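Quick caveat, the model's predicted, so the values are computed rather than measured.
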Amino acid sequence: MVNINGANIELVRRGKGRPILFLHPHIGLHGSDAFIARLAEHAEVIVPSHPGYGHSDLPAGISTVDDMAYRYLDLLEALNLREVTVVGASFGGWVAAEIATKTTERIARLVMLGALGVKVGPRDKSDIVDIFATPRSKWEELTFRDVKYWQRDYEKLSEDELTVIARNREATALFAWNPYMYNPKLNARLHRIRVPALFLWGEADRFAPVEYGEAYSKLIPGARFELVKDAGHFPHIEQAERVARRIVQEVK
């Protein structure tokens, strides 16, 4: 745990080298271990649990992703991190974008893995799958190319593991229920991102379609967009080695 402005944030730090801040998706850190381990072979990887997720506190006054972004700016300052590569997956990509629109003083680049946070389609239709209105089995089918990367026997999980799952879902509802998974003001702020941005998108993503990712990337000046084969919405889970290797190429 690290204390940031009176709130405890669960934090994992592994490896040595240039710093990489990994911002996890709305499902939490489950499934990300192999990806984090690969990155840590080449860099120092800093992995916080978002406020309200995992075992992190949810401080009073934090109720939006915009609020969360300022807490992460405080974290970067408290840890005295500079030239940071910020890697955001899905919901974590939304957080990364919010941070970078405020300041990139300590940030060297962004890597967006199936990032959420913007609205690119019609107002009356969701751009992405609604996890709150979709049965779990269907949500899994649309999210993963191979659901084996996610499926668990909930009856065999510990009380702590079940509590973390419940906290993650509750926090996601707080931050992303309405509007669903986006900030209406973010589109108009993305031009302020003045560091290189790389979008890595699962070729088989049916949660947030490729067209959504391409449109998102075009909102950030100079951003690049690349597909990851044999992966759905979480390429860092289904193709941990390949995605980690691509990020390390960027960091070097």
Transitively linked via ILVMFWY side-chain contacts under 4.5 Å: [X] with [Y]?
{"X": "Ile20", "Y": "Val195", "value": "no"}
{"X": "Val95", "Y": "Val45", "value": "no"}
{"X": "Ile237", "Y": "Val47", "value": "no"}
{"X": "Leu113", "Y": "Leu227", "value": "no"}
{"X": "Phe175", "Y": "Ile99", "value": "yes"}

Taking the side chain as every heavy atom from C-beta outward, state whether [X] and [Y] have any pair of such atoms under 4.5 Å apart.
{"X": "Tyr72", "Y": "Leu23", "answer": "yes"}
{"X": "Leu186", "Y": "Tyr216", "answer": "yes"}
{"X": "Pro48", "Y": "Leu75", "answer": "yes"}
{"X": "Phe234", "Y": "Ile27", "answer": "yes"}
{"X": "Asp66", "Y": "Arg189", "answer": "yes"}
{"X": "Asn187", "Y": "Tyr182", "answer": "no"}
{"X": "His30", "Y": "Ile165", "answer": "no"}
{"X": "Phe22", "Y": "Ser32", "answer": "yes"}

Can a donor-acceptor pair be found between the side chains of [X] and [Y] at a distance below 3.5 Å?
{"X": "Thr163", "Y": "Asp160", "answer": "no"}
{"X": "Ser56", "Y": "His50", "answer": "no"}
{"X": "His233", "Y": "Ser90", "answer": "yes"}

State the [atom1]-[atom2] distance between [X] and [Y], to the nearest 0.5 angstrom.
{"X": "Glu83", "Y": "Glu105", "atom1": "CD", "atom2": "CD", "value": "11.0 Å"}
{"X": "Tyr70", "Y": "Glu98", "atom1": "OH", "atom2": "CD", "value": "9.0 Å"}
{"X": "Thr143", "Y": "Glu238", "atom1": "OG1", "atom2": "CD", "value": "9.5 Å"}
{"X": "Leu29", "Y": "Glu10", "atom1": "CG", "atom2": "CD", "value": "7.5 Å"}
{"X": "Leu79", "Y": "Arg106", "atom1": "CG", "atom2": "CZ", "value": "9.5 Å"}
{"X": "Ile4", "Y": "Leu73", "atom1": "CD1", "atom2": "CG", "value": "11.5 Å"}

Give me the ring orientation class for Phe144 and Trp139: parallel if the planes are under 30° apart, tilted from 30 to 60°, perpendicular past 60°.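 Geometry flag for Trp139 against Phe144: perpendicular rings.
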
If you take all heavy atoms of [X] and [Y], which pair is closest and at what distance?
{"X": "Ala208", "Y": "Ile128", "value": "CB-CG2, 3.6 Å"}
{"X": "Ala96", "Y": "Gly88", "value": "CB-CA, 4.4 Å"}
{"X": "Ala176", "Y": "Trp94", "value": "CB-CZ3, 3.9 Å"}

Atom [atom1] of residue position [X] - does it have more than 12 heavy atoms of other residues, nucleotides or ligands inside 6.0 Å?
{"X": "Glu214", "atom1": "CD", "value": "yes"}
{"X": "Arg18", "atom1": "CZ", "value": "no"}
{"X": "Gln249", "atom1": "CD", "value": "yes"}

Criterion side-chain contact (heavy atoms from CB on, under 4.5 Å) against Leu198, the qualifying member of Met112, Arg224, Arg109: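 With Leu198 as partner, Met112, Arg224, Arg109 yield a single side-chain contact (heavy atoms from CB on, under 4.5 Å), made by Arg224.
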
Please determine if Glu170 and Arg167 form a salt bridge, counting it only when a charged side-chain N lies under 4.0 Å from a carboxylate O. no

Answer yes when Arg38 and Glu241 have at least one side-chain N-carboxylate O distance shorter than 4.0 Å, and no when they do not.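 Yes.
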
